[in-house]
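Notes for the one structure printed next.
To find a chain, count down the sequence lines: A is the first, B the second, and so on, and within it residues start at 1.
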2 protein chains.
Amino acid sequence: MATIKEVSDLAGVSQATVSRVMNGNNKVSAVNRERVQAAMEKLGYQPNSFAQALATNRSYSVGIVVGTLSGPFFGPMMQSIETVLRKHGQHLIATSGDDHIEQEREAVRFLHSRRVDAILLVVQAMTDDEVIELCKQYPNIYVLNRYVPELAERCIYLNNELGGYLATKHLIDLGHTKIASITGPLIHLDARERLQGYRNALSEAGIEYDPQLIVEGLFQEDGGNKAAAKLFQRDVDFTAVVCGNDNIAISVYDILSRTNESPGERISVVGYDDMFYSRYLRPKLTTIRFPIVDMGIAAANMVLNSLDQDLTNGVQLEPSLVVRESTAAPRS
Amino acid sequence: MATIKEVSDLAGVSQATVSRVMNGNNKVSAVNRERVQAAMEKLGYQPNSFAQALATNRSYSVGIVVGTLSGPFFGPMMQSIETVLRKHGQHLIATSGDDHIEQEREAVRFLHSRRVDAILLVVQAMTDDEVIELCKQYPNIYVLNRYVPELAERCIYLNNELGGYLATKHLIDLGHTKIASITGPLIHLDARERLQGYRNALSEAGIEYDPQLIVEGLFQEDGGNKAAAKLFQRDVDFTAVVCGNDNIAISVYDILSRTNESPGERISVVGYDDMFYSRYLRPKLTTIRFPIVDMGIAAANMVLNSLDQDLTNGVQLEPSLVVRESTAAPRS
DNA sequence: TTGTACGCGTTATCAG
DNA sequence: CTGATAACGCGTACAA
């Protein structure tokens, strides 16, 4: 591996000049610039990023800690983050907290010892307070897919309320009035906001909110199944279900299939997130699109900006309705 | 950020002693060791990994370049790689080639300039020759999910032939004799091997191979759809389909649904890969399980081993059959 | 067992 | 515009 010294020797200039050429410093004569470039080319020179990092105290890398790397959510997000970052000479170091608080903390420490320029946090296991604490301890932490009021300017999050509203409004527009909702775990702000959007749409249409029509889905793998079952066992009448996410919608699909029914017939179903596998569902799922890729891009840009001028602003992204086949006008 | 010097000052010893304590060197008196540890604790000392890397010429990080970070495949794989690696103090730097050869090459260069200890290659866009060339150029490259004969000892790959065999054998055992197959793109070795497994099973059962029953699926998003359509338009009789992957199986699901049929009735369907979303298909897909997580673990261990003693051996993993609902005995 | 001092490959300051 | 030279933080022979 060639070093800057070998390049400077070959080019017959000082290391300083080589360094200047690398960093696009203008104050180098054209002759020397070309000599240096030729030498670099010949030696296949690649600057040692550790030496650079040591000298500049910047690592040109950003760390991301996610709850879990698997699952359909993080792939696309990391993809877009990495693409933007790399275009600007930054690298992405990926760590996973395995959805355990302690491991998430440890991941942050780890990244910090790697002197990353910034840390992206995409975690659920920690409480808001713990996130806040972490942000105090280490600078340049950004929070994705989560809104922490005290950290508003470092959060990139979805307007979940709007999504809940859009989903419900769509059903109302189709003529539904008896609309149930299976929410995600309500200890998560997202889930509460989505529910609030549902309520907003109802109230806007003058439809009364009925707690009987609400069920809370829990965390576990089959949390959605249990919640959906509960709803259908209740003695309430409804013609549509707004789901807290696509997985819950799948649970509803399953329940309907047991009676040989299909979503969009007696019961309309709306999902939330538009996970890529949702298109494999039949009938195709009407759902709320979560702009995952945009969120990644926004995060990457926020990091990039904060490295120059250290002002940042939180970013709120907007979900949108994707109408497919699982919703239709109620049968009269 | 505290440095080794501040620690040594506080502890009243030399930097060398602090360094020794960090690196578990025995030749430090118990007294000093404790003093140093106390000082480190008090200062919240974290070694600067760049300085370490510069001094030792080792980075304690491994890079991975994947064709694309999105898609259901890489999440679980990276998850397992990262978990193993981190346990051994190594970090994972993730880069994506966006399925373009040039970007994949560039990613390798990038990682190399980061002085990663090893590079994991999970790419499809490059040809074997290009991969070989790269391995010559840079040492410590490992190839995942791909078998390159010349690079056998650095490959971690699946026994695809066995998978094809298992899928087909399962159908034969159920009583099928007219078994079609929609393969993946046959320029990929995987696809050819899977097809070969299909042939082996047929021949073992004394069933003649009929080219009319074979269709090649292509790359594009709808490649599977087109291939499936082609098969069903042909004037051939069959009661089961072995698919080159789960996506192709989904295409078959779709075609059957157009005539209000369901897999496992007139036509049985077997997938390949057992992508996690396959469980959301209804009826649930019978498929070949690809041990993604194991592959990640094997890769991480291979890297770890090669860093100590630089001997490595290729690893072949075995797929297994997962019987669910999309296969049944043929109707008589 | 401990400390001194040099080297790792860059950047950046300061004279020239 | 260019070249010495001092950091940057740590590991490690070598000497004590």
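- Applying the 4.0 Å criterion to OP1 and OP2 of C/dG3, one finds that B/Ser14 has a side-chain N or O inside that range.
- Neither side chain, B/Thr95 nor A/Glu82, offers a donor N or O lying under 3.5 Å from an acceptor on the other.
- Using cut-offs of 30° and 60° on the angle between ring planes, the pair B/Phe290 and B/Phe73 is perpendicular.
- Rounded to an integer number of Å, the gap from CD of A/Glu6 to C1' of C/dT10 is 14 Å.
- Protein atom CZ of B/Arg33 is 13 Å distant from nucleotide atom C1' of C/dT2, rounded to whole Å.
- For A/Ala16, taking side-chain heavy atoms from C-beta onward, the closest of the listed nucleotides C/dA12, C/dT11, D/dC10 is C/dA12.
- Atom pair B/Lys5:NZ and D/dG11:P shows a separation of 16 Å (rounding to whole Å applied).
- In this model, the phosphate group of D/dG11 is approached by a side-chain N or O of B/Ser19 to a distance below 4.0 Å at OP1 or OP2.
- Of the candidate nucleotides D/dC10, C/dT10, D/dT2, C/dT10 has the atom nearest to the side chain of A/Ile4.
- Between the CD atom of A/Gln15 and the P atom of C/dC14 there is a distance of 19 Å, given to the nearest Å.
- Residue B/Gln52 places at least one side-chain N or O under 4.0 Å from the OP1 or OP2 atom of D/dG11.
- Put simply, A/Asn48 has no side-chain N or O that comes within less than 4.0 Å of OP1 or OP2 on C/dC8.
- Where B/Lys27 and B/Arg115 each meet DNA chain C at their nearest nucleotide, the meeting point lying more 5' is that of B/Lys27.
- A pairwise comparison of heavy atoms in A/Asp294 and A/Leu317 identifies C-CD1, 4.2 Å as the closest pair.
- At least one donor-acceptor pair under 3.5 Å links the side chain of B/Asn48 to the backbone N or O of B/Phe50.
- Phosphate proximity of C/dT1 to B/Thr17: absent, as no side-chain N or O sits under 4.0 Å from OP1 or OP2.
- In this structure, B/Tyr142 and B/Ser306 approach most closely via the heavy-atom pair OH-OG, 2.8 Å.
- At D/dC10, none of the side-chain N or O atoms of B/Tyr60 fall inside 4.0 Å of OP1 or OP2 (strictly under the cut-off).
- Nearest nucleotide to the side chain of A/Arg20, out of C/dC14, C/dG9, D/dG11: C/dC14.
- The residue B/Asn23 sits close only to the backbone: its heavy atoms come under 4.0 Å of sugar-phosphate atoms, none of a base.
- The nearest whole Å value for the distance from the CD atom in B/Gln46 to the P atom in D/dC8 is 20 Å.
- With rounding to whole Å, A/Leu54 atom CG is found 13 Å from D/dA6 atom C1'.
- Per the geometry, CE belonging to B/Met22 stands 8 Å off C1' belonging to D/dG11, to the nearest Å.
- Contact between A/Ser59 and A/Ala53 at its shortest, heavy atoms only, is CA-CB, 4.1 Å.
- If A/Val13 and B/Thr3 are placed on DNA chain D by their nearest nucleotide, the residue sitting closer to the 5' end is A/Val13.
- Taking only side-chain nitrogens and oxygens, B/Asn32 comes nearer than 4.0 Å to OP1 or OP2 of C/dT2.
- The shortest distance between the side-chain N/O atoms of B/Ser29 and the OP1/OP2 oxygens of C/dT2 is below 4.0 Å.
- One can place CZ of B/Arg58 at 17 Å from P of C/dG9, the figure rounded to the nearest angstrom.
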